[in-house]
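Each remark here refers to the structure printed beneath this line.
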Amino acid sequence: MSFISVKNVWQQYGDQVVLEGLNLSIAEGEFCTLVGASGCGKSTFLRLLLGQEVASKGTILLDGKALAKEPDSTRGVVFQRYSVFPHLSVLDNVALGLELPRSALLGRLFGAAKRDAREQAAALLHKVGLDHALDKYPTQLSGGMQQRLAIAQALIMKPRVLLLDEPFGALDPGIRKDMHALLLELWRETKLTVFMVTHDLSEGFNLGTRLLVFDKVRIDPHAPGAYGARITYDIPLNSDRRAARVALDSLKTA
Ligand SMILES: Nc1ncnc2c1ncn2[C@@H]1O[C@H](COP(=O)(O)OP(=O)(O)OP(=O)(O)O)[C@@H](O)[C@H]1O
């Protein structure tokens, strides 16, 4: 059984069809990169996977079950900008994810539970290279550091799926390379299934185990909204990297 299955999914806003007839079967641990022309519906597809929107038609199953109607902790998300809370410190931005669900009544944790949440947050921030910035605020961080923070914030809930919407689009090339290395390291360490939208084809080819190309193949000049984008290419990539990961995993469990 596939981990995520997308069955004949359509998304339409009013009379504008954005996505049509999407079918996909994704194994757990896959790293899918999504490319396609601007406005063809890549972010829309991520919102459907996140559960922020419900498809007009079709179903999306995660582990054989219909997706929850709202985003939950099985899926984490990082946008190009504005993923983090500007009024919270770096440490609080990450610890908050653990504090909120555990303290529905009080909205805050106290004592040992609070210490535990902050320790977990600090450990993750260490992993993403922000251990020197725990007390800073997002506006005091560079763009790359803010995206490291956004990734930590998404990962603290231990999601099974990570959705990335052009997470490195606003960063300089050098910083992007560092972020690629970080992302691949985190992906290798976890069993995360990743969907990442990018406008950078080389990023798509280099990072993914699978490249999904979105394109609008049917066009009616008299009714621009009549047809949506489909997945026109579904290209397996980097199978050697995936094989290496399987081998490493089996070493760890041996
Ligand atoms: N909530 C909405 N209501 C109406 N139209 C919408 C809504 N969300 C998206 N759209 C439309 O759907 C189309 C696809 O948008 P989307 O942002 O998914 O494309 P994209 O491929 O991610 O674009 P880009 O690469 O520029 O970010 C656009 O024409 C957009 O205007």
Side-chain angles (χ1 to χ4, degrees), residues 4-24 26 30-60 62 67-72 75-84 143-144 146-147 150-151 154 159 161-173 175-176 179-180 183 193-235 237:
I4 294 178
S5 72
V6 175
K7 295 183 182 170
N8 192 29
V9 161
W10 293 64
Q11 185 65 324
Q12 184 162 355
Y13 303 106
D15 51 14
Q16 186 190 4
V17 179
V18 173
L19 296 171
E20 59 176 51
L22 303 189
N23 286 292
L24 273 179
I26 307 282
E30 198 105 56
F31 191 136
C32 301
T33 45
L34 281 57
V35 298
S38 184
C40 74
K42 304 175 298 294
S43 301
T44 300
F45 182 57
L46 284 197
R47 289 198 299 279
L48 294 176
L49 289 172
L50 182 62
Q52 207 176 6
E53 285 179 22
V54 179
S56 315
K57 208 160 92 182
T59 50
I60 301 181
L62 191 146
L67 274 189
K69 288 261 186 312
E70 289 189 2
D72 64 27
R75 284 148 291 156
V77 65
V78 175
F79 300 103
Q80 186 179 109
R81 289 170 202 263
Y82 314 120
S83 290
V84 299
Q146 288 199 27
Q147 288 311 70
I151 290 171
V161 182
L162 182 64
L163 305 167
L164 303 162
D165 200 348
E166 288 190 67
F168 313 136
L171 305 179
D172 294 337
I175 308 285
R176 268 180 177 230
M179 298 300 292
H180 293 165
L183 184 58
T193 305
V194 178
F195 291 85
M196 175 171 145
V197 171
T198 177
H199 274 122
D200 179 346
L201 257 187
S202 74
E203 190 172 77
F205 273 104
N206 289 327
L207 291 181
T209 56
R210 193 163 164 180
L211 181 82
L212 304 175
V213 180
F214 284 66
D215 197 10
K216 210 169 168 168
V217 278
R218 301 196 289 171
I219 294 171
D220 178 348
H222 304 295
Y227 299 110
R230 297 176 172 188
I231 294 171
T232 49
Y233 291 94
D234 180 350
I235 306 166
L237 305 164

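Indexing begins at 1, ligand by ligand and atom by atom, following the structure's order. Residue indices begin at 1 and follow the sequence shown. All values below were derived from every heavy atom in this structure, side-chain atoms included, with hydrogens, water molecules and symmetry-related copies excluded.
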Atom 29 (O) of ligand 1: the protein heavy-atom neighbour that sits closest, reported with distance to 0.1 Å
Q16 NE2, 3.2 Å
For ligand 1, which atoms have a heavy atom of H199 less than 4.0 angstrom away?
25 (O)
Check ligand 1 against V18 and write out every atom of the ligand that is under 4.0 Å from a heavy-atom position of the residue.
12 (O), 13 (C), 14 (C)
Under the side-chain contact (heavy atoms from CB on, under 4.5 Å) rule, what do M179 and I151 come out as? Steps first, then yes or no, please.
CA-CA 10 Å; M179 298 300 292; I151 290 171; 3.9 Å; yes
When rounded to the nearest 0.5 angstrom, what distance separates CD in E166 from OG in S43?
6.5 Å
Considering only non-hydrogen protein atoms, determine which one is nearest to atom 19 (O) of ligand 1 and report residue, atom name and distance to 0.1 Å.
G41 N, 3.1 Å
Can you name the closest pair of heavy atoms from V77 and L162 and give their distance?
N-CD1, 4.4 Å
Take F31 and L183 through the side-chain contact (heavy atoms from CB on, under 4.5 Å) test and state the conclusion after the steps.
CA-CA 11 Å; F31 191 136; L183 184 58; 3.7 Å; yes
shortest atom 10 (N) of ligand 1-to-protein heavy-atom contact is with Y13 CE1, 3.5 Å
Considering heavy atoms of the protein only, find what lies nearest to atom 26 (O) of ligand 1 and give residue, atom and distance to 0.1 Å.
S38 OG, 2.6 Å
Would you say C40 has any N or O atom under 3.5 Å from an N or O of ligand 1, going by distance alone?
yes
Donor-acceptor pair, Q147 side chain versus P167 backbone, under 3.5 Å?
yes
Which part of T44 is near ligand 1, with near meaning a heavy atom under 4.0 Å away: side chain, backbone, both or neither?
both
Distance to 0.1 Å, residue and atom name: give those for the protein heavy atom nearest to atom 17 (O) of ligand 1.
S43 CB, 3.7 Å
With a cut-off of 6.0 Å (strictly less than), are more than 12 heavy atoms of other residues, nucleotides or ligands near CZ of R218?
yes
Would Y233 and L211 count as a side-chain contact (heavy atoms from CB on, under 4.5 Å) if you check the C-alpha gap in whole Å, the side-chain angles of each, and the deciding distance to 0.1 Å?
CA-CA 8 Å; Y233 291 94; L211 181 82; over 6 Å; no
Taking 4.0 Å as the limit for heavy-atom contacts, which would you say applies to Q12 with ligand 1: side chain only, backbone only, both, or neither?
neither
Geometric class of the F214/F45 ring pair [parallel <30°, tilted 30-60°, perpendicular >60°]:
tilted
Distance check, rounded to the nearest 0.5 Å: I60 atom CD1 versus N8 atom CG?
11.5 Å
Tell me which protein heavy atom sits closest to atom 13 (C) of ligand 1, plus the residue, atom name and distance to 0.1 Å.
G39 O, 3.6 Å
Please confirm whether A37 approaches ligand 1 to less than 4.0 Å, judged on its heavy atoms.
yes
Within-shell test, R47 vs ligand 1, heavy atom, strictly < 4.0 Å:
yes
Which residue and non-hydrogen atom of the protein lie closest to atom 25 (O) of ligand 1, and at what distance in Å?
K42 NZ, 2.8 Å
